[in-house]
Each structure stands twice: as C-alpha cells, then as structure tokens.
Amino acid sequence: GLAGEQHELVSADVMTYLSAPKRSSRRFTLAVVDPPSFFNNRGANVSFDINVDHPELLRAVLGVMAPGATVIFSTNHQRFEPRFEGLAVAKMEELTPRTIPEDYRNRGVHRCWKMAVA
C-alpha cells in the first residue's frame with residue numbers, strides 16, 4: 001500500500017539524506033525515527049550513540065518536517081536518557097506503555113514518543 005509518487009523508499013546515510021530536502025525546501029508530514037542504539041563505520045569515520053547523538057538527529061528530522069507534522073521517535077536502548085530540551089515541538093507525548101507488546105517480560109527494553117512539530 002505504499003506505491004505511488006507520494007511515497008519514497010530511500011537507502012542512505014540519514015544525516016546526508018536529511019540535508020538534501022532541507023536545501024530544496026521539501027517538507028514531510030510523518031517521520032518514524034527508530035535509530036540503532038549504537039553503530040560504528042570506521043571506513044566512513046561515522047558513528048552513532050543514541051544517548052549522545054539523538055538530539056542532533058531529532059533536530060535534523062524536525063528541520064525537514066512541515067508545521068503540525070508528526071514524528072514518532074523510538075529506541076530499544078535499555079538505559080536511554082532522553083534530552084529533548086530545545087526541540088521545535090509543539091507537543092510531546094510518551095507512548096511507551098502503549099507500544100510495548102503484552103508478552104514482553106522486560107518492560108524497560110523500549111521507549112517511544114510522539115511529537116507534534118511546531
């Protein structure tokens with residue numbers, strides 16, 4: 001059900017991709033942001049640590065969103081420490097209890113938020 005010009009499947013470095021639409025003024029109405037907890041690509045000299053880098057990632061995502069758009073942010077890092085101060089959001093709601101499957105024994109394995117873009 002995702003065929004059509006209004007949808008696009010992209011395989012790219014997220015920070016590189018997000019800088020291209022910003023230059024062209026393209027705006028999105030929905031983003032699902034579910035980054036890995038950590039990765040390191042020594043060949044490209046690129047790394048990501050969710051506890052360190054999520055504010056920069058979210059600022060980049062919010063920079064390409066239309067006003068009133070929705071961003072869903074999720075992480076499976078068990079010791080995630082959110083730092084959402086200063087993000088351009090009109091409203092933020094933690095969805096964690098509603099997004100953990102009933103059969104999960106470890107309730108701390110996942111966190112999820114819904115953000116309305118300012």
Side-chain angles (χ1 to χ4, degrees):
L2 295 178
E5 293 179 17
Q6 72 275 25
H7 301 286
E8 178 181 9
L9 177 62
V10 177
S11 178
D13 173 79
V14 67
M15 297 308 279
T16 302
Y17 178 77
L18 289 174
S19 66
K22 193 170 184 177
R23 286 193 305 266
S24 69
S25 299
R26 184 172 182 189
R27 296 291 176 254
F28 299 93
T29 57
L30 175 66
V32 178
V33 182
D34 186 21
S37 296
F38 179 82
F39 77 81
N40 189 9
N41 181 341
R42 291 186 185 113
N45 197 28
V46 175
S47 66
F48 181 86
D49 179 331
I50 190 73
N51 272 325
V52 174
D53 300 314
H54 73 276
E56 178 185 3
L57 172 61
L58 287 170
R59 277 192 291 278
V61 169
L62 292 167
V64 298
M65 303 303 292
T70 299
V71 174
I72 304 294
F73 174 71
S74 174
T75 181
N76 290 334
H77 191 287
Q78 293 186 13
R79 290 185 275 326
F80 178 69
E81 297 179 22
R83 295 190 343 261
F84 298 144
E85 304 82 21
L87 295 179
V89 295
K91 181 180 176 187
M92 183 178 308
E93 173 186 9
E94 186 164 2
L95 303 177
T96 300
R98 293 184 280 172
T99 60
I100 297 176
E102 291 179 18
D103 60 343
Y104 269 39
R105 290 183 192 164
N106 182 352
R107 302 305 237 175
V109 72
H110 166 82
R111 302 277 306 270
C112 185
W113 290 265
K114 179 180 179 182
M115 303 173 189
V117 179

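FYI, the numbering just counts along the sequence from 1.
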Under a 4.5 Å cut-off applied to non-hydrogen side-chain atoms, are Asn51 and His77 in contact? yes
Only pairs at least two apart or in different chains count here, so list each salt bridge (charged side-chain N to carboxylate O under 4.0 Å, His left out) that has a residue in residues 108-117. Glu94-Arg111
Looking only at heavy atoms, the pair that brings Asn40 and Ser47 closest together is OD1-CB, 3.7 Å
Closer than 3.5 angstrom, by distance alone: can the side chain of Thr96 be matched with the main-chain N or O of Cys112 as a donor-acceptor pair? yes
Determine whether Ile72 and Val89 fall in the same hydrophobic cluster, where Ile, Leu, Val, Met, Phe, Trp and Tyr are linked whenever their side-chain heavy atoms lie under 4.5 Å apart. no
Flag if over 12 foreign heavy atoms under 6.0 Å of CG, Asn45: no
Measuring from atom CZ of Phe73 to atom NE2 of His54, what distance do you get when rounded to the nearest 0.5 angstrom? 5.5 Å
Nearest heavy-atom contact between Thr75 and Ser37 is OG1-OG, 4.5 Å
Check whether any side-chain heavy atom of Met65 sits under 4.5 Å from a side-chain heavy atom of Thr70, and report yes or no. no
Would you call Leu57 and Pro35 a side-chain contact if the rule is heavy atoms closer than 4.5 Å? yes
Donor-acceptor pair, distance only, cut-off 3.5 Å: does the side chain of Arg83 make one with the backbone of Asp53? no
Quick one: do Leu62 and Val14 end up in the same hydrophobic cluster if we chain Ile, Leu, Val, Met, Phe, Trp and Tyr together by side-chain heavy atoms under 4.5 Å apart? yes
Could you pull out the closest heavy-atom pair between Ile50 and Pro36, with the gap in Å? CB-O, 4.1 Å
So CG of Leu58 and CE of Met115: to nearest 0.5 Å the spacing works out to 4.5 Å
pair Phe39-Val46: side-chain heavy atoms closer than 4.5 Å: yes
Hydrophobic cluster membership, Phe28 vs Met92, 4.5 Å side-chain cutoff: yes
Would you please classify the geometry between the Phe84 ring and the Trp113 ring as parallel, tilted or perpendicular, with 30° and 60° separating the classes? perpendicular
Can you tell me if CD on Glu93 sees more than 12 non-hydrogen neighbours from other groups inside 6.0 Å? yes
Hydrophobic cluster membership, Val52 vs Leu18, 4.5 Å side-chain cutoff: no
